[in-house]
2 protein chains.
Amino acid sequence: MIYGYDPRTGETVGDALPETDRDGVDMIVSAAAAAGEAWRATPAAERAQALEAVADALAAETDELWRLADRETALGEVRLRGEVARTAGQFRLFAQVIRDGGYLEAIVDHADPASAPPRPDVRRMKQPLAGVVAVFAASNFPFAFSVAGGDTASALAAGCPVVVKAHPGHPHTSARVAQIVRRALPYPDLLGLVQGMRAGADLVQHPRVVAAGFTGSVAGGKAIQGLIDEREVPIPFFGELGSVNPVVVLPSAPKAAVASGFATSLTMGVGQFCTNPGLMFVPEDDELRTALVEAVEGTTGGPMLAERIRDGYLGGVGRLGELRLLAEGKPGEGEWAVTPKVFTTDVKTFADKLPGIGEECFGPASIVVTYRELAELRPVLERLDGSLTATVHGTDPGEAAEITEALGARAGRLIWNGWPTGVAVTWAMHHGGPWPAATSTTTSVGATAIDRWLAPRAYQDWPEQLLPDELKDDNPLNVPRRVDGTLTR
Amino acid sequence: MIYGYDPRTGETVGDALPETDRDGVDMIVSAAAAAGEAWRATPAAERAQALEAVADALAAETDELWRLADRETALGEVRLRGEVARTAGQFRLFAQVIRDGGYLEAIVDHADPASAPPRPDVRRMKQPLAGVVAVFAASNFPFAFSVAGGDTASALAAGCPVVVKAHPGHPHTSARVAQIVRRALPYPDLLGLVQGMRAGADLVQHPRVVAAGFTGSVAGGKAIQGLIDEREVPIPFFGELGSVNPVVVLPSAPKAAVASGFATSLTMGVGQFCTNPGLMFVPEDDELRTALVEAVEGTTGGPMLAERIRDGYLGGVGRLGELRLLAEGKPGEGEWAVTPKVFTTDVKTFADKLPGIGEECFGPASIVVTYRELAELRPVLERLDGSLTATVHGTDPGEAAEITEALGARAGRLIWNGWPTGVAVTWAMHHGGPWPAATSTTTSVGATAIDRWLAPRAYQDWPEQLLPDELKDDNPLNVPRRVDGTLTR
């Protein structure tokens, strides 16, 4: 049985939920596959409406949802209300994406009998993967990266049915969200939910599953990849596994603003963000150092999402203990509460301890590495593991020129004078990066996330009446296309 | 040492070539990586010119190249001259792709301080992977899928340096092509060449290698994937492993044309195409059967590319021997010559023998499966392995409606009244498909093949002076972009 727990008290929440057994997984995946056939045949405009209905249904239950999730995660009302809104917003963005049609990357090359050899008529567009998408929910976003999270929204938008393996950190929230989404969909079985670790393994090894999305730890991601490797037919694995999110403070940066911004970004949500700033390079400077100590000492910890996550944080902080403690916040309240901690060392010592010291410690802990000359940074930055983000603070962009390429090669998003926590859900957002930040070159946030669940297909001299509407001569759906090499609409 | 062999005589061609040892691989990859840094900083217009210089250099040496390749492959003058032209044409297409700039998928979202939470300015485009691309050359296209083949052209176009592991079937052709390409490039080390199986393993496990392309057998592909799995940092593997390319002949199809087209497609180049029609479903029909027997009996075999490939064909034909022989061609001449063979059975027997009977037999062998009713096909088509292509012959598109979706789910390219051999190099071509046809959703032929070697990066509130030109406000390179949700140029 699965129990939800209250991070503030360590006590169980609500009734126990049954684990999904192998037959249950098979039934749920098969039902999703059947619903998927109807879904992929549904016109784009109707799919967009359905996604908006899901958004409305989630938003309408915000009062109930934030309370339920708060009991299981202790993330608080403001954050959780905002997260429900963001989750609904993701479905709305993908409705726009479907209506636009550009994501299909439609291309039409008319026949050219004069070329040598003669060229046939070839038309190509992306199609939903032919099967069920498995999504492994994350612990730290009970809405936006969970049952109705980005992977679910983008896969449904693409035209694929989804079966989610619930995160054990919020089983009741997961079940309730699934219920709301299923009721809002034209074919409820387009979203299935399974509970339990064993069910996750059965899910990712099911023959009708054609791709898997995952947000979690490096160890968790490797375990799922191992299960996939045992499959007869391999499937793509879109994992987001870990990220230390380096920040470089240039000599020109305003010190007080950097110190307070850092402390806020580090401790928001008890530091439980994939984009938490776990590493910051700063010039050796007493004023900045003092400002950082004050800012961090002004923070307060809080309960982490789960006992295991708390234990992981304590272990990570123990590992960082080989460096010097720069400052710590006040201990938070609650059974699984932890204290924000910031360690410090110089560039040379840090470099000597790579790669181990560069691994993510999930939670409100960070390393402040001091440098004397900017030139010291590039060789160290080049040795960092891949991250979702890399941030630069400064007032003189010229100072950053020599590190931009090194940072860009190690991260999927470069940020200027901001903080990596907070990922805007827009057309241009990229939430990915070199391994272990991501296991692929795709994103899990933003409009282009839909690309995970698509594969191109070409039609050669195919009869007009059998072509998808998007590839017909008169382009009845008015999708953007490249025709004989030229972009058109 | 590595020897080239003449498939007509089985004797060695030219001098022995040394295998590249581990230090050699390291030196070549490191030189490629260094050249790659200059290459990725080279403006797109100059990269396009360099690709055209490579095309010109290859085309200028056609007379020498076809003769050299003919000695090592016995593929003949017409085919090999055409293949050099195609190979040069691939470089020219990618020069167009770079100049167009659409492949970067540039997106600009301006800041929206009014939204809740306020949205930063986010800009995104694709960038070349930060490292060296490894390419494993194929046996059956000594130019178009080899040292200067599609993967090399698309990776160079993307901005990545390439190191090719030569195919042992044409080592001298490989060395000469590498020499020509290196001389035509502004940085010769952008293309490295290694010889020998051990060198291939060292290559794909080299820490500076960031992706690998491969065209070959399922066993070969699995071996490379195994080597990648041993890496500390995983890399994407773009493999094209095997394809049976089913053809469905509808009752309305013209029988004589189908029979002769099939025999030609099956035996062209001694059947050594990834897109060879290895399986054809035909209505039970004496006239068609007679036409097929006559057409196949009119064909002649020839020497295969290598002794191992010949042995593989004989083994495959032996496996198909559990079916009835429908017809065979005349044996070809030459040491490694083989005879075209076509086997036959009915749908029910074929279905009973799946999946084994559905595996590719590389060479001029095929299975003709007879059906009584079109309705018998769909359940069998759904059980086929993934293929690069699926073809339908008929005069009534309505007849195909019920099998189109099943075929489309199993193949990357659908062809109407044509034959799968022959892959046009155009914007819309897709040469890929479900596993084992491909290990990813990308293509190895056509303009979109460049996408294999790119990863997106986002820039948040990034200073204009540090942005790539393609993302600057005034779009100085005039690349297609999506700005605030709307496609623009």
Side-chain angles (χ1 to χ4, degrees), chain A residues 82 96 100 102 105 107-109 117 119-120 122-124 127 130 229 233-234 236 397-398 400-401 404 408-409 411-418 422 424 426-430 432 434-435 439-441 443 446-448 454-463 465-466 480 482 484-485 487 489, chain B residues 82 96 100 102 105 107-109 117 119-120 122-124 127 129-130 229 233-234 236 397-398 400-401 404 408-409 411-418 422 424 426-430 432 434-435 439-441 443 446-448 454-463 465-466 480 482 485 487 489:
Chain A
Q96 278 183 264
D100 175 86
E105 295 174 15
I107 308 180
V108 175
D109 291 330
R119 274 196 196 145
V122 182
R123 301 174 188 223
R124 171 252 201 208
Q127 309 261 0
D229 291 345
V233 174
T404 291
R413 176 168 52 121
L414 296 178
I415 300 161
W416 187 264
N417 282 353
T426 67
W427 288 88
M429 179 50 65
H430 185 68
W435 198 90
T439 63
S440 78
T441 57
T443 179
T448 57
L454 301 168
R457 188 185 299 165
Y459 299 83
Q460 181 170 323
D461 293 332
W462 202 246
Q465 75 182 79
L466 297 179
R482 183 180 290 275
D484 296 326
L487 291 170
R489 179 154 204 144
Chain B
Q96 278 182 263
D100 175 86
E105 295 173 16
I107 308 179
V108 175
D109 291 329
R119 274 196 196 145
V122 182
R123 301 174 186 222
R124 171 253 201 209
Q127 308 262 0
L129 297 177
D229 291 344
V233 174
T404 291
R413 176 167 53 121
L414 296 179
I415 301 161
W416 186 263
N417 282 352
T426 67
W427 289 88
M429 178 50 65
H430 185 69
W435 199 90
T439 63
S440 78
T441 57
T443 178
T448 56
L454 301 168
R457 188 186 299 166
Y459 299 83
Q460 181 170 322
D461 293 331
W462 202 245
Q465 75 181 79
L466 297 179
R482 183 180 290 275
L487 291 171
R489 180 153 204 145

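The shown structure was predicted, so the numbers you read here are calculated from the model rather than taken from an experiment. Just so we're on the same page: letters track the sequence lines, and every chain starts at 1.
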Taken in chain and number order and not counting sequence neighbours, the residues that satisfy salt bridge (charged side-chain N to carboxylate O under 4.0 Å, His left out) with B:Arg119 are none
Cut-off 4.5 Å, heavy atoms of chain B, and the answer for A:Glu105 is side chain
Honestly, the part of B:Pro397 sitting under 4.5 Å from a heavy atom of chain A is both
Across all chains, not counting sequence neighbours, the ring-ring contact (aromatic ring centres under 6.0 Å, His included) partners of A:Trp435 are none
Output for pair (A:Ile415 CD1, B:Tyr459 OH), nearest 0.5 Å, gives 13.0 Å
Applying a strict 4.5 Å limit to non-hydrogen atoms, the region of B:Leu487 in contact with chain A is side chain
- [ ] Would you check if the side chain of A:Arg457 reaches a backbone N or O of B:Gly408 as a donor-acceptor pair within less than 3.5 Å?
- [x] yes
The interface call for B:Leu129 against chain A, heavy-atom contacts under 4.5 Å, is side chain
Minimal heavy-atom distance between B:Gly485 and A:Asp100, with the atoms involved, is O-OD1, 4.3 Å
Per-residue tally against chain B (heavy atom, under 4.5 Å) across A:Pro463, A:Ala455, A:Gly432, A:Gly82 peaks at A:Pro463
So, the part of B:Ala130 with a heavy atom under 4.5 Å from chain A: the answer is side chain
Closest non-hydrogen atoms of A:Trp416 and B:Asp461, given as atom of the first, atom of the second and distance, are CB-O, 3.0 Å
B:Leu466 and A:Ala400 have their tightest heavy-atom pair at CD1-CB, 3.9 Å
The interface call for A:Ala411 against chain B, heavy-atom contacts under 4.5 Å, is backbone
The interface call for A:Asp109 against chain B, heavy-atom contacts under 4.5 Å, is both
So, the part of A:Thr448 with a heavy atom under 4.5 Å from chain B: the answer is side chain
Ranked by heavy-atom pairs below 4.5 Å to chain B, first place among A:Pro234, A:Pro236, A:Ala424, A:Gly418 goes to A:Pro234
Turns out that what part of A:Ala409 lies under 4.5 Å from chain B's heavy atoms comes down to both
Ranked by heavy-atom pairs below 4.5 Å to chain A, first place among B:Thr404, B:Leu454, B:Leu414 goes to B:Leu414
So CZ of B:Arg124 and OG1 of A:Thr443: to nearest 0.5 Å the spacing works out to 8.0 Å
